[in-house]
Structures are given as C-alpha cells and as structure tokens.
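A short write-up of the structure that comes next.
Just the heavy atoms: all of them, side chains too, but no hydrogens, waters or symmetry mates, feed the values below.
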Amino acid sequence: MKYKKFEFDTFNIYTIQTDKFKNCHMEILFYDNAKKEELGLRNFLVDMLCHSSKKYPKRKDLVIKLEELYQSFFYGVTSKVGNMVMSNFVYDFLNPEFINDNAYLKQVLSFPFEIIEHPNVEKEAFDERSFKIIKKRILADIDSIKENATNYAFRKALENMDKDSITAASVLGTKESVEAITPESLYKYYRKFYANSLCNIYVIGNLDMEEVAKIISRSFHNNCVKNHSVEPFVENKARKKELVVKEQGNFGQTNLVMGFNLEKMTREEKSTTLTVFDEVLCAGGLKSKIYNALREENGLCYSVSSICSRYDNMYYVYVGLDSKNVPLAIKLIKKCVKEMVSGKITKEEMDMAKKQLDTALEVVLDNQNSLINNYAFHTIVGTPLYKDLKKAYQEVNVKDLKMIGKKLKLNFVYELQGKGEE
C-alpha cells in the first residue's frame with residue numbers, strides 16, 4: 001500500500017493506493033472541537049445533506065443517480081470522539097478499470113461534492129418535506145436508546161458521572177434540542193459548519209491518485225481558510241472515592257457499568273499499551289481476567305465487555321447480570337485490576353492477548369473502512385498506522401501493563417437494576 005498526501009489551501013487529500021480491493025472508498029471528513037449545544041444540529045445536518053440536494057430534490061432522485069454510477073453507495077455519519085466531533089461523508093464506488101467509460105472517474109468523484117455544496121435549500125431554508133422526514137427519524141433514534149439496555153446504561157452512567165462533561169453528551173442531541181431545530185436554523189448552521197470545520201479527504205483504491213487529486217480539487221470549492229487547533233482529549237475529573245449510583249430500570253437483567261479515569265497517560269500508552277492491557281484484563285473474551293473470574297469461575301453474569309475511551313481518558317467495564325450478583329462482581333473486577341497493577345500476569349495471558357491482537361490486525365487490514373479510519377486518526381491525532389502496530393504490540397511487557405494499571409482510578413460504579421429485581 002502506498003500512502004500519499006496532497007496539500008491544498010483549505011483541505012488536504014490523503015490517499016492509499018492498493019490493488020487489494022475491487023471497489024474504491026472515499027471519505028470526506030469535516031471535524032472540529034465539539035460543542036454540546038451544536039451536536040444535535042450537526043448530526044441533523046449531515047443526515048439532511050445525504051437525503052437530497054438541489055440537483056436531486058427527492059431521495060429517489062439521489063438513489064437513481066447512485067444506481068447510474070454503477071451502484072455507488074453514499075451516506076453520512078456524525079460521531080463524537082473525545083472533544084472532537086467528526087462528520088464523515090462516506091462513498092463507495094466501482095474501480096474505473098472495470099468500466100469502459102472515460103468520463104466515469106470524473107463523474108463519480110464529483111458527485112459527493114455536488115451534494116455537499118448544493119443542498120436542497122430555498123430562501124435560506126432547507127426543504128420542508130425532507131426536513132420533516134429527517135427530524136422524525138432522529139427523534140425515533142433518541143427514543144430507541146431506552147430500548148437498548150447496554151446503550152441506556154452507559155448513557156445514564158455518564159450523565160451521573162458528570163452531566164456537564166462533553167463525554168456525557170450524545171451526538172444525537174436531546175429531544176428538546178432537536179425539536180427546536182427549524183429549516184431556517186439548520187441552514188444557518190450549515191453555513192457555519194461549512195466555513196469553520198477543518199476538512200480532510202481520504203481515498204483508497206487502485207487509482208491514479210494524481211488524477212484523483214486534480215478532479216477533487218476542481219470539484220470541491222471549499223475556500224474558507226481555517227487555522228484553529230482541535231484538541232481531541234477530554235480531562236474528566238477523578239474522584240477520591242468512587243461515585244456509587246443505583247437506579248431502577250425496565251430491562252430483564254441488571255446492567256453494571258464501572259468507569260475508570262486514565263490518569264496522565266502518554267500518547268504511546270493510549271495507542272498501544274492500553275490496547276494490550278485491555279486485551280488481558282477484559283477484551284480478550286474467554287481468556288481475559290474479568291471474563292474468567294466472573295463467568296467461568298463463578299457463573300455470575302450473562303455478558304462482559306469493555307471500552308477503551310482513550311480520547312475521553314476513560315476506561316469502562318460493562319457487565320449484564322442478576323442484581324444479587326452485583327456486589328461480588330464489583331469485588332472481583334477490582335481484584336482483577338489489582339492483579340494487573342501488581343503484575344500478576346502469566347506468560348500465557350500475554351501471549352494469548354498479543355496473538356488475538358495480531359489476528360484482529362489481519363482482519364482490519366482487509367477492510368477499506370478500517371484502513372481509512374486508521375489513516376484519519378493517524379493524520380489528525382498521530383496514532384500509529386495499522387502496519388506499525390504489530391511490532392509495537394509485541395514490544396509491550398508486563399512492566400508496561402503494571403504502569404497502565406497504576407493509572408486507572410475508579411470514578412464510578414453505576415447499576416441499572418433489572419425490572420422486578422430487588
């Protein structure tokens with residue numbers, strides 16, 4: 001794979017040339033510092049832009065055009081990573097070498113910029129019909145959070161941790177904030193979004209990337225110069241004594257979330273050592289310490305998982321179990337963390353963790369979306385490329401994991417009690 005960067009005044013294009021895939025993949029990424037009051041607007045806007053445009057005023061018009069472009073696929077997604085909000089316009093299209101059409105590459109590459117730069121707007125307001133469809137869908141998405149036990153437990157846990165932290169904010173916004181959006185306010189925000197967001201474009205495929213860069217530079221008319229910095233990391237406040245919260249839920253089982261602050265970690269620790277640490281402690285499935293202690297040895301739970309939220313400087317352990325087993329589960333999780341701090345890690349645990357990470361790397365190296373996601377964070381934050389991670393994982397030792405363990409500080413224990421349990 002050949003990586004290359006093309007610099008322009010208001011955006012950069014990053015390419016990966018490879019003959020590994022039949023399709024090509026492009027992502028147009030707008031990113032900025034996250035503002036809680038604008039998250040709902042931004043998410044709404046991206047959905048709106050992908051639904052229709054000035055040239056394709058109805059959803060079916062846009063779908064027909066994508067079919068004409070040999071079944072190309074285009075959608076948008078907004079996510080929050082630490083203190084960054086990232087809006088991706090994702091585009092999959094067929095490699096031109098399979099098409100006998102000299103005009104195809106220009107047509108297919110110019111399409112997403114036509115959509116983004118010429119929204120379905122009249123008199124400073126988005127199209128009312130499309131607007132109502134998107135608003136109804138987003139409000140349904142917000143309501144659906146309550147239907148998923150894991151998502152709802154995490155959302156409530158973070159709100160209890162610190163409702164004012166950007167970590168606790170949902171990228172969907174609140175029902176109240178979404179209800180308040182109008183076609184006029186959304187267009188006003190579109191102009192702000194377009195003028196202020198930093199922008200990178202990523203392309204992967206077996207393409208003449210010099211030609212790709214030329215076509216994009218002629219199709220994308222983003223003339224707004226942005227030079228502000230983006231700070232991706234959030235420093236959530238630690239507690240001297242963990243917060244303990246128990247609430248009643250409407251789910252069949254109890255959902256336990258334990259949140260740990262990651263204190264004073266280096267970027268190298270976050271990008272590599274923490275991943276190995278997590279694999280040994282929890283993410284390694286049947287072989288992880290927490291899974292073995294809770295499920296295999298004591299039969300306490302139905303499910304166990306973890307999340308390394310590096311950019312929020314947080315680490316979470318989630319357990320689905322019966323309420324009566326919560327006290328013992330908490331005790332065992334704390335015991336497993338202490339074992340990591342003391343270096344009670346066997347050679348078998350280390351070898352298995354690294355083997356599983358190697359296998360995971362082989363999988364993501366065969367996925368265009370994963371490669372582009374990795375490349376994006378490499379260019380924005382400086383995280384290692386996948387091709388360099390295998391060696392980095394192998395160099396991690398028990399002493400390194402002990403250091404990570406010492407930097408974990410329990411912030412909260414949140415229990416969303418199952419329906420009918422006491």
Side-chain angles (χ1 to χ4, degrees), residues 1-8 10-31 46 49-50 65-66 69-79 81 84 86-99 101-116 197-220 222 271 357-392:
M1 286 184 283
K2 183 179 179 181
Y3 292 78
K4 192 167 184 178
K5 176 183 179 180
F6 298 86
E7 293 188 62
F8 297 90
T10 57
F11 62 92
N12 294 320
I13 301 174
Y14 296 89
T15 64
I16 307 174
Q17 187 172 12
T18 175
D19 60 1
K20 201 170 188 177
F21 311 101
K22 290 184 179 180
N23 274 10
C24 301
H25 182 82
M26 177 164 73
E27 295 193 17
I28 304 163
L29 171 60
F30 293 90
Y31 65 102
V46 171
L49 291 173
C50 293
K65 180 59 181 178
L66 287 168
L69 292 170
Y70 297 88
Q71 301 292 325
S72 294
F73 189 57
F74 178 68
Y75 66 94
V77 59
T78 296
S79 58
V81 181
M84 288 192 299
M86 311 176 82
S87 297
N88 284 44
F89 294 91
V90 184
Y91 192 35
D92 290 292
F93 56 95
L94 192 60
N95 192 309
E97 70 179 11
F98 300 111
I99 299 170
D101 184 351
N102 293 332
Y104 169 73
L105 185 61
K106 181 178 179 181
Q107 290 175 356
V108 78
L109 288 177
S110 61
F111 171 81
F113 302 102
E114 166 70 33
I115 302 299
I116 295 168
S197 298
L198 301 175
C199 183
N200 287 339
I201 299 169
Y202 301 87
V203 184
I204 183 171
N206 191 18
L207 298 164
D208 179 346
M209 293 306 182
E210 297 283 347
E211 182 63 20
V212 166
K214 287 179 183 177
I215 294 172
I216 291 176
S217 67
R218 292 167 184 162
S219 303
F220 192 29
N222 186 340
S271 62
L357 288 172
D358 282 349
T359 301
L361 279 176
E362 292 300 322
V363 173
V364 296
L365 285 170
D366 284 330
N367 184 284
Q368 288 176 307
N369 298 60
S370 296
L371 286 167
I372 288 295
N373 182 65
N374 174 239
Y375 199 14
F377 279 93
H378 175 74
T379 56
I380 295 172
V381 186
T383 57
L385 290 171
Y386 284 145
K387 65 184 182 70
D388 301 320
L389 276 176
K390 185 171 184 177
K391 181 181 177 182

Side-chain donor or acceptor of Q17 paired with backbone N/O of D208 under 3.5 Å = no
message = Surrounding NZ of K20 (heavy atoms of other residues, nucleotides or ligands, distance under 6.0 Å), is the total greater than 12?
response = yes
inquiry  = Taking N206's backbone N and O only, do any of them form a donor-acceptor pair with E97's side chain (distance below 3.5 Å, no angle check)?
reply    = no
task = Report yes if some heavy atom in the side chain of L385 is under 4.5 Å from a heavy atom in the side chain of N374; otherwise report no.
result = yes
key: Spacing of I201 atom CD1 and M26 atom CE [to the nearest 0.5 Å]   = 7.0 Å
ask   = What is the ring orientation for F113 with F220, classed by angle as parallel under 30°, tilted 30 to 60°, or perpendicular over 60°?
value = tilted
ask   = How about D101: does its CG atom have over 12 heavy atoms from other parts shown lying under 6.0 Å from it?
value = yes
query = Do Y91 and F93 have their ring centres less than 6.0 Å from each other?
reply = yes
key: Expected output: side-chain N88 to main-chain V90 donor-acceptor under 3.5 Å   = no
request  = Could you verify whether a donor N or O on one side chain and an acceptor N or O on the other, from Y386 and S370, lie under 3.5 Å apart?
outcome  = no
From OG1 (T15) to CD (E210), nearest 0.5 Å = 8.0 Å
query = With under 30° as parallel and over 60° as perpendicular, where do the rings of F11 and F8 fit, or are they tilted in between?
reply = parallel
message = How long is the straight-line distance from CG of N222 back to CD1 of I216, given to the nearest 0.5 Å?
response = 13.0 Å
query = Is a donor on one side and an acceptor on the other found under 3.5 Å between the side chain of H378 and the backbone of P384?
reply = no
